[in-house]
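Have a look at the structure below before the remarks.
Fair warning: this is a prediction, and the values are worked out from it, not measured in the lab. In this chain, residues are counted from 1 in sequence order.
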Amino acid sequence: GVFNLAAGRTVTSSAPPISGKLSQLTDGRKEAFDFDRVEMRTGLQWGQVDLGQSYAIYAIVLWHDHRYMQLIHDVIVQVADDPEFQKGVTTLFNNDRDNSSKLGVGTDLEYFEEHWGRVVAGKGVKARYVRSYANGSNLSRLNCWQELEIYGLPADPKSDGAAVSSTNSATNSTEP
């Protein structure tokens, strides 16, 4: 019952793209073509999606650059209700083993970028903003993204992040 919350949403970044447009990160096109990529300068960079309101997030799928078989360095995925990511930040994935990003030592492994993207478990965490970091790859120091998809449901404001859905919403029933 989840849906892609990121489709067509506003994207911001740590630096303007060298090629491509930030809006391409949420346009649904994730094929391995040069014109579907958004490329940013070297060093740690991020792309951030504003969902417009808090949602219960169950999965985030990243496509960095699957035109080539490569390892993307310092992939960190964080969520928050603060657009500046200064408070209430939850890290869902971090493969920065040497803490070169200064965002904490990661325990996740580097992975080969592939056409089906990297799925990161959201665990139902409630957040409005999703930020994805990268710091080049084993092939290039530049940072490249092709798509960010965020799957979830509207969050129940009375709970700690659980979603309202047809399977867990309150219903009138007569239990035996």
Side-chain angles (χ1 to χ4, degrees), residues 2-17 20 22-27 30 37-66 71-111 113 116-137 141-157 159-163:
V2 298
F3 59 97
N4 182 7
L5 306 168
R9 295 290 184 168
T10 301
V11 180
T12 55
S13 66
S14 53
L22 291 176
S23 61
Q24 290 175 258
L25 295 179
T26 58
D27 68 0
K30 47 195 165 275
R37 80 181 196 292
V38 177
E39 199 166 51
M40 293 183 209
R41 65 185 177 153
T42 62
L44 186 70
Q45 302 296 331
W46 52 260
Q48 178 175 306
V49 179
D50 178 356
L51 300 175
Q53 68 182 51
S54 289
Y55 286 89
I57 298 171
Y58 291 98
I60 299 166
V61 189
L62 315 166
W63 286 265
H64 283 99
D65 187 357
H66 60 279
L71 294 169
I72 309 298
H73 301 305
D74 300 346
V75 175
I76 302 167
V77 178
Q78 295 180 326
V79 298
D81 277 329
D82 172 22
E84 301 301 319
F85 280 72
Q86 298 297 309
K87 59 184 180 194
V89 177
T90 300
T91 299
L92 299 175
F93 185 90
N94 182 344
N95 71 6
D96 179 13
R97 298 292 193 115
D98 63 0
N99 197 25
S100 59
S101 66
K102 308 290 188 254
L103 295 171
V105 174
T107 58
D108 295 298
L109 299 175
E110 285 190 323
Y111 58 91
E113 190 70 20
W116 51 74
R118 178 65 176 187
V119 178
V120 174
K123 305 172 188 171
V125 66
K126 184 179 173 185
R128 175 178 173 168
Y129 301 94
V130 175
R131 188 179 279 190
S132 174
Y133 293 85
N135 193 2
S137 74
R141 292 180 52 214
L142 294 173
N143 292 285
C144 189
W145 282 271
Q146 287 171 305
E147 193 74 16
L148 288 168
E149 293 181 345
I150 302 158
Y151 290 90
L153 295 169
D156 182 351
S159 73
D160 61 355

Task: Val105 side chain near Thr107 side chain, heavy-atom distance below 4.5 Å - done: no
TODO: Check Thr10, Thr12, Leu25 against Gln48 for a side chain to side chain contact (heavy atoms under 4.5 Å, CB included) and give me the one that passes.
DONE: Thr12
TODO: For the residue pair Ile150 and Ile57, establish whether any side-chain heavy-atom pair is separated by less than 4.5 Å.
DONE: yes
Open item on the list: Under 4.0 Å between a side-chain nitrogen and a carboxylate oxygen: does that hold for Arg128 and Asp50?
Closed with: yes
Open item on the list: To the nearest 0.5 Å, what is the distance between CG on Asp74 and CG on Asn94?
Closed with: 8.0 Å
TODO: Check Asn143 against Gly136 and note the closest heavy-atom contact, atom names and distance.
DONE: OD1-N, 2.6 Å
Open item on the list: I need the minimum non-hydrogen distance between Glu149 and Tyr151, along with the two atoms involved.
Closed with: OE1-OH, 2.7 Å
Open item on the list: Tell me whether the count of non-hydrogen atoms from other residues, nucleotides or ligands lying under 6.0 Å of CZ in Arg141 goes above 12.
Closed with: no
- [ ] Measure from the side-chain N and O atoms of Thr90 to the backbone N and O of Val79, and report whether any donor-acceptor pair falls under 3.5 Å.
- [x] no
TODO: With the side chain counted from C-beta on, respond yes when Ser132 and Trp46 share a heavy-atom pair under 4.5 Å apart, and no when they do not.
DONE: no
Task: Whether Asp96 side chain and Gly106 backbone form a donor-acceptor pair below 3.5 Å - done: no
- [ ] List the atom of Leu51, the atom of Ala127, and the distance in Å for their closest heavy-atom pair.
- [x] CD1-O, 4.0 Å
Task: Taking every non-hydrogen atom, the tightest pair across Asp82 and Tyr129 - done: C-CD1, 3.9 Å
TODO: Please say whether the positively charged group of Arg118, taken as NZ for Lys or CZ for Arg, lies over the ring of Phe93, i.e. under 6.0 angstrom from the six-membered ring centre and within 45 degrees of the axis.
DONE: no
Open item on the list: For the NE2 atom of His64 and the CD atom of Glu147, what is their distance to the nearest 0.5 Å?
Closed with: 12.0 Å
Task: Nearest non-hydrogen partners of Pro83 and Arg131, listed with the distance - done: O-NH2, 3.5 Å
Task: Residues forming a side-chain hydrogen bond (donor to acceptor under 3.5 Å, both in side chains) with Thr26, sequence neighbours excluded - done: none
TODO: Check whether any side-chain heavy atom of Val61 lies under 4.5 Å from a side-chain heavy atom of Val119, and answer yes or no.
DONE: yes
Task: Interatomic spacing from CH2 in Trp145 to CG in Leu62 - rounded to 0.5 Å - done: 9.5 Å
Open item on the list: What's the separation between atom CD in Gln78 and atom CG in Leu103, rounded to the nearest 0.5 Å?
Closed with: 5.5 Å
- [ ] Could you tell me the separation between the CG atom of Leu22 and the OG atom of Ser13, rounded to the nearest 0.5 Å?
- [x] 4.0 Å
Open item on the list: For a quick test of reading the model, state the closest non-hydrogen atom pair linking Ile76 to Ser101 and the distance between them.
Closed with: CD1-OG, 3.3 Å
- [ ] Hey, could you give me the CZ/CG distance between Arg41 and Leu142, rounded to the nearest 0.5 Å?
- [x] 11.5 Å
